[in-house]
S.K.: 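One structure is given below, represented as structure tokens, and several questions about it will come after.
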Amino acid sequence: MEQFKVSHEPVQKQQCLECHEYTDEVKHLFSLQESASALCLRCHTIMQGTSMHEPITSGDCLSCHSSHGSEFPGLLALDPLDNLCTRCHEEDYSKRLHIHGPVAARACVICHKPHSSGWPALLREPADRLCLGCHDGFDSGATSKQYKHEPVVNGCTTCHDPHASDSTFQLTQDVPGLCFECHESIERSIGLSPVVHGPTLEAFGCTRCHSPHGSALPKLQRRPQPEGCLQCHNQEIRTADGKTLTNMARLLAENPDHHGPIREGSCTFCHHPHAGDHTRLLIKDYPPEFYAPFVADRYALCFSCHAPEMVTDEAGFGVTQFRDGNRNLHRLHVNQEKGRTCRACHEVHASKHQFHIRDAVPFGPGGWMLPINFEVTPTGGSCAPGCHEPRSYNR
């Protein structure tokens, strides 16, 4: 009899009649005692599972195994690291840009059981647990975090192709397209809004701000605000319309009197993180002009926190500290034919002075800077700007 590297035990013991019976003893001809699958099951117990390999259910053990002997472990009919599985599972992953390690090594049984399993696709364990068997860094780095990305809970293959992909990290498609599969409202907002945050349109832009797996911060933010925002806004940024955004990191570092939302770590209290209808991604209306007639609705952003009476009421008692006696000086500045917007006197992010007062204000198309020269006194203050003679107020 032919010699094999691995022989079936009855062959080793020359016990042919364990499986065969003579049809012609003189001519030494044999036939199987019963069907091949039934013979196999005399000795080999196959665990039943919710997922069964098709050759098992069809009773075709010999599609994968040799009956007498083989050059490969388990009496496999072909090399398990070459063409055993691909004989039936013909998809060619070799042309994909990113191939999962076990697939590249043709080591299918690292993830799949060959006969039966209690999990779909003959997996050895639930998909997410199976992935963490190798990618153990994500267990402490993602699944144990307070905030978990839903696909991490539901299974890694929601976002990742377990075999091969043309997208980085074996994602089923590139980001942001992949993110938009679930976050349709954000995609719709980006498509319809006149002002769009730059990173949302970049390849993998979503992951600049959000962790794709888990985070200790709400919305899967990578870093708290404003730290996370300052990862990009630490330099001047040229916008699509040719305007320049301030180096916000430097502005905040050089100006210690920060606006309340910044002190509380919430840039998104005033700005949409993805897209919006208002200039600078503001969540509500705020006049972009330096001079603008006062219309309350146009200051909806400011009045989210500040009482509108501080601008509308003539009497200043109880509504503002910027008053001369009972005369409301906020109203005086804003309610004019050439009304001043809040930015005429206040820095909206940070200043070196109390009440976020600016050092200077721009004047004319050339942006000539007029110093405000604001000074605080125990009962009021004074200023000597270029727009009017020096004046003081006393509460």
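No hydrogens, no waters, no symmetry mates; every other heavy atom, side chains included, goes into these values. All residue numbers refer to positions in the sequence shown, counting from 1.
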S.K.: Strictly by modelled atom types, are Asn394 and Thr379 linked by a side-chain donor-acceptor pair under 3.5 Å?
M.R.: yes
S.K.: For the pair His65 (side chain) and Gly74 (backbone), establish whether a donor and an acceptor sit closer than 3.5 Å, ignoring hydrogens and angles.
M.R.: yes
S.K.: Looking at His112 and Ala121, would you say the former's side chain and the latter's main chain have a donor-acceptor pair under 3.5 Å?
M.R.: yes
S.K.: Treating Ser165 as the side-chain partner and Thr172 as the backbone partner, does any N or O pair qualify as donor plus acceptor under 3.5 Å?
M.R.: no
S.K.: So, Asp82 and Arg106, do they make that salt bridge, N to O below 4.0 Å?
M.R.: yes
S.K.: What I want to check is whether the side chains of Glu181 and Gln173 have a donor and an acceptor closer together than 3.5 Å.
M.R.: yes
S.K.: Working to the nearest 0.5 Å, report the span between CZ of Arg395 and CZ of Arg323.
M.R.: 6.5 Å
S.K.: So do the side chains of Tyr393 and Thr377 get within less than 4.5 Å of each other, counting heavy atoms only?
M.R.: no
S.K.: Give me the ring orientation class for Phe374 and Phe355: parallel if the planes are under 30° apart, tilted from 30 to 60°, perpendicular past 60°.
M.R.: perpendicular
S.K.: Looking at every non-hydrogen atom in both residues, tell me the closest pair between Ser193 and Gly276 and how far apart they are.
M.R.: CB-O, 3.4 Å
S.K.: With rounding to the nearest 0.5 angstrom, report the CD to SG distance, Gln170 to Cys156.
M.R.: 11.5 Å
S.K.: Would you be so kind as to tabulate the donor-acceptor pairs closer than 3.5 Å made by side chains of residues 358-370, with sequence neighbours excluded?
M.R.:
{"from": "Arg358", "atom 1": "NE", "to": "Ala360", "atom 2": "O", "distance (Å)": "2.9"}
{"from": "Arg358", "atom 1": "NH1", "to": "Arg343", "atom 2": "O", "distance (Å)": "2.8"}
{"from": "Asp359", "atom 1": "OD1", "to": "His353", "atom 2": "NE2", "distance (Å)": "2.5"}

S.K.: Could you measure the distance from the NE2 atom of His330 to the CZ atom of Phe322? Nearest 0.5 Å is fine.
M.R.: 6.0 Å
S.K.: Determine, using the 4.5 Å side-chain heavy-atom cutoff (strictly less than), whether Ile186 and Leu201 are members of one ILVMFWY cluster.
M.R.: yes
S.K.: Please report the closest heavy-atom contact between Gly69 and Leu75, naming both atoms and the distance.
M.R.: CA-CD2, 3.6 Å
S.K.: Counting neighbours of CZ on Phe169 that are heavy atoms of other residues, nucleotides or ligands and sit closer than 6.0 Å, is the number greater than 12?
M.R.: no
S.K.: Any Lys/Arg nitrogen of Glu289 or Arg298 sitting under 4.0 Å from an Asp/Glu carboxylate oxygen of the other?
M.R.: yes
S.K.: So, for Phe72 and Val6, which heavy atoms are closest and what is the spacing to 0.1 Å?
M.R.: O-CG2, 3.7 Å
S.K.: Closest approach of His278 and Val195, non-hydrogen atoms and distance?
M.R.: O-CG2, 3.4 Å
S.K.: Less than 4.5 Å apart, any side-chain heavy atom of Lys113 and any of Arg124?
M.R.: yes
S.K.: Among Arg42, Glu21, His20, exactly one meets side-chain hydrogen bond (donor to acceptor under 3.5 Å, both in side chains) together with Gln33. Which residue is that?
M.R.: Arg42
S.K.: Show every donor-acceptor pair shorter than 3.5 Å between a side-chain atom in residues 257-265 and any protein atom, with sequence neighbours excluded, or say none if there are none.
M.R.:
{"from": "Asp257", "atom 1": "OD2", "to": "His356", "atom 2": "N", "distance (Å)": "3.1"}
{"from": "Asp257", "atom 1": "OD2", "to": "His356", "atom 2": "ND1", "distance (Å)": "2.8"}
{"from": "His258", "atom 1": "NE2", "to": "Leu252", "atom 2": "O", "distance (Å)": "2.9"}
{"from": "His258", "atom 1": "NE2", "to": "Asn255", "atom 2": "O", "distance (Å)": "2.9"}
{"from": "His259", "atom 1": "ND1", "to": "Val348", "atom 2": "O", "distance (Å)": "2.8"}
{"from": "Arg263", "atom 1": "NH1", "to": "His258", "atom 2": "O", "distance (Å)": "2.4"}

S.K.: So, the side chain of Thr207 versus the backbone of Ser211: is there a donor-acceptor pair under 3.5 Å, distance only?
M.R.: no
S.K.: Checking Gln225 against Gln221: is there a side-chain donor and acceptor pair closer than 3.5 Å?
M.R.: yes
S.K.: Would you confirm whether Gln235, through its side chain, and Asn247, through its main-chain N or O, come within 3.5 Å as a donor-acceptor pair?
M.R.: no
S.K.: Report yes if some heavy atom in the side chain of Leu332 is under 4.5 Å from a heavy atom in the side chain of Arg327; otherwise report no.
M.R.: yes
S.K.: Please confirm whether the backbone N or O of Leu245 pairs with a side-chain atom of Arg280, one donor and one acceptor, at under 3.5 Å?
M.R.: no
S.K.: To the nearest 0.5 angstrom, please state how far the SG atom of Cys229 sits from the CZ atom of Arg223.
M.R.: 11.0 Å
S.K.: Looking only at the side chains, is there a donor atom on one of Asp60 and Ser58 sitting less than 3.5 Å from an acceptor on the other?
M.R.: no
S.K.: Taking the six-membered ring for Trp, are His28 and Phe30 ring centroids under 6.0 Å apart?
M.R.: yes
S.K.: Are Ile110 and Leu123 co-members of a hydrophobic cluster defined by side-chain heavy atoms under 4.5 Å apart?
M.R.: no
S.K.: Determine the minimum heavy-atom distance between Met52 and Ser116, stating which atoms define it.
M.R.: SD-CB, 3.2 Å
S.K.: More than 12 heavy atoms of other residues, nucleotides or ligands under 6.0 Å from CD of Glu34: yes or no?
M.R.: yes
S.K.: Please confirm whether the backbone N or O of Leu122 pairs with a side-chain atom of Ser51, one donor and one acceptor, at under 3.5 Å?
M.R.: yes
S.K.: Rounded to the nearest 0.5 Å, how far apart are CG of Leu329 and SG of Cys345?
M.R.: 10.5 Å
S.K.: Counting only heavy atoms not in Lys219, do more than 12 sit closer than 6.0 Å to its NZ atom?
M.R.: no
S.K.: Please answer whether the main-chain N or O of Met248 pairs with a side-chain N or O of Thr246 as donor and acceptor at a distance below 3.5 Å.
M.R.: no
S.K.: Below 30° counts as parallel, above 60° as perpendicular, anything between as tilted: where do the rings of His89 and His53 land?
M.R.: parallel
S.K.: If you look at every heavy atom in Arg340 and Val334, which pair is closest and at what distance?
M.R.: O-CG2, 3.6 Å
S.K.: Distance-only, no hydrogens or angles: does the Arg238 side chain make a donor-acceptor pair with backbone N or O of Gly242 under 3.5 Å?
M.R.: yes
S.K.: So that I can tick it off, tell me whether Glu184 and Arg188 are bridged by a salt bridge, with the cut-off set at under 4.0 angstrom between side-chain N and carboxylate O.
M.R.: no
S.K.: Taking Arg331's backbone N and O only, do any of them form a donor-acceptor pair with Asn328's side chain (distance below 3.5 Å, no angle check)?
M.R.: yes
S.K.: Does either side chain, that of Arg208 or that of Gln231, offer a donor lying less than 3.5 Å from an acceptor on the other one?
M.R.: no
S.K.: Describe, in one word, how the ring planes of Tyr286 and Tyr299 are oriented to each other, choosing from parallel (under 30°), tilted (30 to 60°) and perpendicular (over 60°).
M.R.: perpendicular
S.K.: Which donor-acceptor pairs under 3.5 Å do the side chains of residues 303-310 make with protein atoms, sequence neighbours left out?
M.R.:
{"from": "Ser304", "atom 1": "OG", "to": "Lys284", "atom 2": "NZ", "distance (Å)": "3.1"}
{"from": "Ser304", "atom 1": "OG", "to": "Ala300", "atom 2": "O", "distance (Å)": "3.1"}
{"from": "Ser304", "atom 1": "OG", "to": "Leu301", "atom 2": "O", "distance (Å)": "3.2"}

S.K.: Any chance you could measure Asp277, atom CG, to Ile283, atom CD1, to the nearest 0.5 Å?
M.R.: 12.0 Å
S.K.: Hey, are the side chains of His388 and Cys383 touching, using non-hydrogen atoms and a 4.5 Å cut-off?
M.R.: yes
S.K.: Tell me if the CZ atom of Arg391 is crowded by more than 12 foreign heavy atoms within 6.0 Å.
M.R.: yes
S.K.: Return the orientation label for the His8 and His44 ring planes: parallel under 30°, perpendicular over 60°, tilted otherwise.
M.R.: parallel
